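Quick notes on the structure that follows.
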Amino acid sequence: MLDGTMTTNTSEVERRLWAAADNLRANSKLRSHEYSTPVLGLIFLAYADHRFQQAQQELGADADPIDFQAEGVMYLPEQARYRRLLALPEGANLGAAINEAMNAIETENDDLKGVLPKIYNRLDNSVLAPLLKAFNFEEIAAGLEGDAFGKVYEYFLGEFAKREGQLGGEFYTPTSLVKLMVEIMEPFHGRIYDPACGSGGMFVQSARFITEHQKNPTDELSVFGQEKTAETVRLARMNLAVHGLSGDIRQGNTFYEDIHGSRGKFDFALANPPFNVKGIKKDDIAADPRLPHGVPSTDNGNYLWLQYISSSLNEKGRAGVVMANSASDARGSEQLIRQRMIQSGNVDIMFAASSNLFYTVTLPATVWFLDNGKRGSAREDKVLFIDGRHTFVQVTRAIREMTDEQVEFLANIANLYRGEQPEFKHGSRETFEETFPGSVYRDVPGLCKVATRSEIEVQGWSLNPGRYVGVTARATDDFDFSARLGELNEELETLTAEAHELEERISENIQALMDGGKA
């Protein structure tokens, strides 16, 4: 595991703001899953005002709304400005004033029509007044830099995801995993698509990648997203706006609706779709042109998502998809679809992630990277496997993350495999050059392996990195018994969970056969 510490310059502020937000839950009539909306709305309002004031200082007091828009900043009319809300006299109706601010922003910004929360009239001044003061970014700005406030917003999304259980998993993907996906995908320019976009984290990290490479994301990226629930669509559009982005985010069930006409349309696609979805109406999707390799006979949506995303790419398009580990080795009709995908030549990199990266699922996941541009290249017959299951820092007993240094190290393996130069901005150079002398790719036991399609065929078309990468070589005197025991226990937990999943699937198939026999 690479050493590293998580960025802490915002952690104290994040904890303080979270404590203030938790006060809302304790002292309001809102149910636990409802208070995220007004809290995120206030963070949005405070941050929008902070960015507006910064732009106004540069543009001048007489600047027009279009001048702010040209800078990627929302124009805020007077009644929507945070300092006005803070200056309201004691006894003023704060809930009504905040609702008015939200309406005023929507009037000035078409992208946010119907998006912002307007339920503040349900909250007493005794709750809203301290919350307004807590989120006054003008007082907490000292010592923070860059996109610190956007990170505060992401921190809150993550905290709400933890507390909302499985529901939270529908709108939030761990930031460090998204960073890795973006670093490997390199979305420098073009149209980017997420058919299960949640709160829009994939788009935000893509924009951050472009900014880090000295370009303006609003000039380089066109964003297209789809989500099943209206509430999550609003979260995504609000998250984009917080980061100065706009995009075409629409509500729709991707299994049955291709709202963006996605086939062959996109330069990039990133997604963390829900795993192992059941109950999909097979008759309604039987003729879907987005499923070129067929409809799986199993009651499971994993290989539908993989095909939706793969078929959305143009001839040079790249994709990254977070998927349940079980999909890498699935048998039957899913194995046949996987074989066809591998034979098509666009499966490029398979990354095994650690367990406990996700707040709502303890099992490890696998990220599939597809690249239509590898067809006809020296990589067409190859797949890179990376085992990142032991690359993390332990944040809490239950939660792990990858540091920026670790993300950079792993992404640079992909760079070498593709014949690109590694990038060193986050401190991984020394460890990387020790592992890959002369910055030349090599197979490293326990970490990475390039396999040919014939080797993959021998393995039953499995795309499980553990089958190819092997284990790390250890000197006898360097053996850490407790660490190895922990690794074996983690692997046992994973295998046990997958066995339970197979048991359930077998039980369902037996029941279906019995039901058929009774008919």
Side-chain angles (χ1 to χ4, degrees), residues 1-11 146-147 151 154-155 158 172-186 201-202 204-206 208-209 212-213 270 272 320 322 325 349-359 362-369 384-418 420-437 439 441-449 465-466 469 471-472 474 480 483 486-487 490-491:
M1 185 196 307
L2 287 174
D3 291 329
T5 55
M6 301 305 295
T7 302
T8 57
N9 66 326
T10 60
S11 58
D147 190 24
K151 290 173 184 173
E154 290 164 25
Y155 170 81
Y172 186 77
T173 306
T175 300
S176 63
L177 188 61
V178 182
K179 283 181 180 178
L180 177 65
M181 293 171 68
V182 169
E183 288 292 331
I184 289 178
M185 299 240 329
E186 300 177 333
M202 301 284 185
V204 169
Q205 290 300 333
S206 297
R208 199 166 279 157
F209 172 85
E212 196 171 72
H213 288 83
L270 296 98
N272 174 22
V322 185
N325 262 10
I349 300 169
M350 298 293 296
F351 172 78
S354 167
S355 58
N356 294 93
L357 283 181
F358 292 84
Y359 297 148
T362 58
L363 290 178
T366 302
V367 186
W368 298 48
F369 292 95
L384 169 65
F385 294 91
I386 303 175
D387 191 343
R389 288 176 297 170
H390 309 303
T391 303
F392 59 83
V393 290
Q394 198 76 39
V395 179
T396 68
R397 189 174 179 182
I399 296 196
R400 298 167 173 173
E401 291 180 356
M402 291 180 288
T403 66
D404 287 349
E405 179 184 349
Q406 291 169 336
V407 166
E408 179 177 85
F409 178 94
L410 293 167
N412 274 332
I413 299 174
N415 286 338
L416 294 191
Y417 160 69
R418 291 192 296 235
E420 299 170 0
Q421 289 299 308
E423 291 189 357
F424 300 108
K425 298 180 180 179
H426 299 290
S428 72
R429 180 188 292 273
E430 183 177 349
T431 308
F432 191 79
E433 291 181 346
E434 285 176 3
T435 310
F436 298 96
S439 290
Y441 175 82
R442 66 185 181 113
D443 292 340
V444 179
L447 177 62
C448 59
K449 161 79 176 176
V469 171
V471 296
T472 306
R474 278 193 178 90
D480 185 334
E487 292 170 5
E490 182 178 304
E491 290 175 14

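Keep in mind that this is a model prediction, so the values were computed, not measured. Side chains included, hydrogens not; waters and symmetry mates left out as well; all remaining heavy atoms used.
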[atom2] on [Y] to [atom1] on [X], rounded to 0.5 Å:
X      : Y      : atom1 : atom2 : result
Ile413 : Leu447 : CD1   : CG    : 4.0 Å
Arg389 : Thr366 : CZ    : OG1   : 9.0 Å
Phe369 : Met350 : CZ    : CE    : 9.5 Å
Leu416 : Gln421 : CG    : CD    : 8.0 Å
Phe432 : Glu430 : CZ    : CD    : 13.5 Å
Glu405 : Thr431 : CD    : OG1   : 5.5 Å

Between His426 and Glu183, do the side chains contain a donor N or O and an acceptor N or O under 3.5 Å apart?
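The criterion, which ignores hydrogens and geometry beyond distance, is not satisfied for His426 and Glu183.
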Option among Asp387, Thr391, Ile184 that satisfies the side chain to side chain contact (heavy atoms under 4.5 Å, CB included) test with Leu410
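That would be Thr391; it is the only one of Asp387, Thr391, Ile184 passing the side chain to side chain contact (heavy atoms under 4.5 Å, CB included) with Leu410.
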Can you find a heavy atom in the side chain of [X] that is under 4.5 Å from one in the side chain of [Y]?
X      : Y      : answer
Lys179 : Phe209 : no
Phe392 : Ser176 : no
Val182 : Arg208 : no
Val393 : Gln406 : yes
Asn272 : Met202 : yes

What closest approach, in Å, do [X] and [Y] show between heavy atoms, and which atom pair accounts for it?
X      : Y      : value
Ala353 : Leu177 : CB-CD1, 4.3 Å
Met181 : Val367 : CG-CG1, 3.9 Å
Ala365 : Val322 : CB-CG1, 4.0 Å

side-chain contact (heavy atoms from CB on, under 4.5 Å) for Thr175 and Glu401? Distances and angles first, verdict last.
CA-CA 8 Å; Thr175 300; Glu401 291 180 356; over 6 Å; no
Could you tell me which residues satisfy side-chain contact (heavy atoms from CB on, under 4.5 Å) with Glu423, sequence neighbours excluded, listed by chain and number?
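If we apply the side-chain contact (heavy atoms from CB on, under 4.5 Å) test to Glu423, skipping adjacent residues, the hits are His213, Asn412, Lys425.
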Residues that Ser206 engages under side chain to side chain donor-acceptor pair (under 3.5 Å), provided they are two or more places apart:
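Listed in chain order: nothing, the list is empty.
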Only counting residues at least two apart or in another chain, list the ones meeting side chain to side chain donor-acceptor pair (under 3.5 Å) with Glu408.
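Glu408: side chain to side chain donor-acceptor pair (under 3.5 Å) contacts with Ser428.
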What residues form a salt bridge (Lys or Arg N to Asp or Glu O under 4.0 Å) with Arg429, not counting sequence neighbours?
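Residues passing salt bridge (Lys or Arg N to Asp or Glu O under 4.0 Å) with Arg429: Glu433.
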Tell me whether the rings of Phe409 and Phe436 are parallel (<30°), tilted (30 to 60°) or perpendicular (>60°).
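Rings of Phe409 and Phe436: tilted, 30 to 60°.
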Can you name the ring-ring contact (aromatic ring centres under 6.0 Å, His included) partners of Phe385, sequence neighbours left out?
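Listed in chain order: Tyr468.
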